[in-house]
Amino acid sequence: MAEPKNINKMTTTKLQGQDKDNPPIQEPSHCLLCVQLGPVLSYGHWICEHCKNLVQAELLSKKRKIEKGGG
């Protein structure tokens, strides 16, 4: 009876980019907040402009609220 291949080891080496014959496949990234498709990035972290604007507006609102003393 043949021994089964270690699928987990093969998968983790491909994910870590340690497979010398086949470099890791680059796929489109997703926004970390709204999961919108984005550009192909080697590191995978990306936040779209819309979400950046929402976060900045929320932070500015909280800052103003704190400065007024209601925070």
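What you see is a predicted model; the values in this text were computed from it and never measured.
The shortest non-hydrogen separation linking His30 to Leu37 is CE1-CD2, 2.9 Å. Contact detail for Ile47 and Lys52: the closest heavy-atom pair is O-CE, 3.3 Å. Contact between Cys31 and Cys51 at its shortest, heavy atoms only, is SG-SG, 3.8 Å.
Residue Trp46 holds its CH2 atom at 10.5 Å from CG of Leu33, rounded to the nearest 0.5 Å. In this structure, Glu49 CD and Gln56 CD are separated by 8.5 Å, a value rounded to the nearest 0.5 Å. Expressed to the nearest 0.5 Å, how far CG of Leu32 lies from SG of Cys48 amounts to 9.5 Å. In this structure, the separation between NE2 on His50 and CG on Leu54 is 4.0 Å, given to the nearest 0.5 Å.
For the pair Ser29 (side chain) and Leu41 (backbone), a donor-acceptor distance under 3.5 Å is absent.
Residues Pro39 and Pro28 are not in side-chain contact: their nearest non-hydrogen atoms beyond the backbone lie 4.5 Å or more apart.
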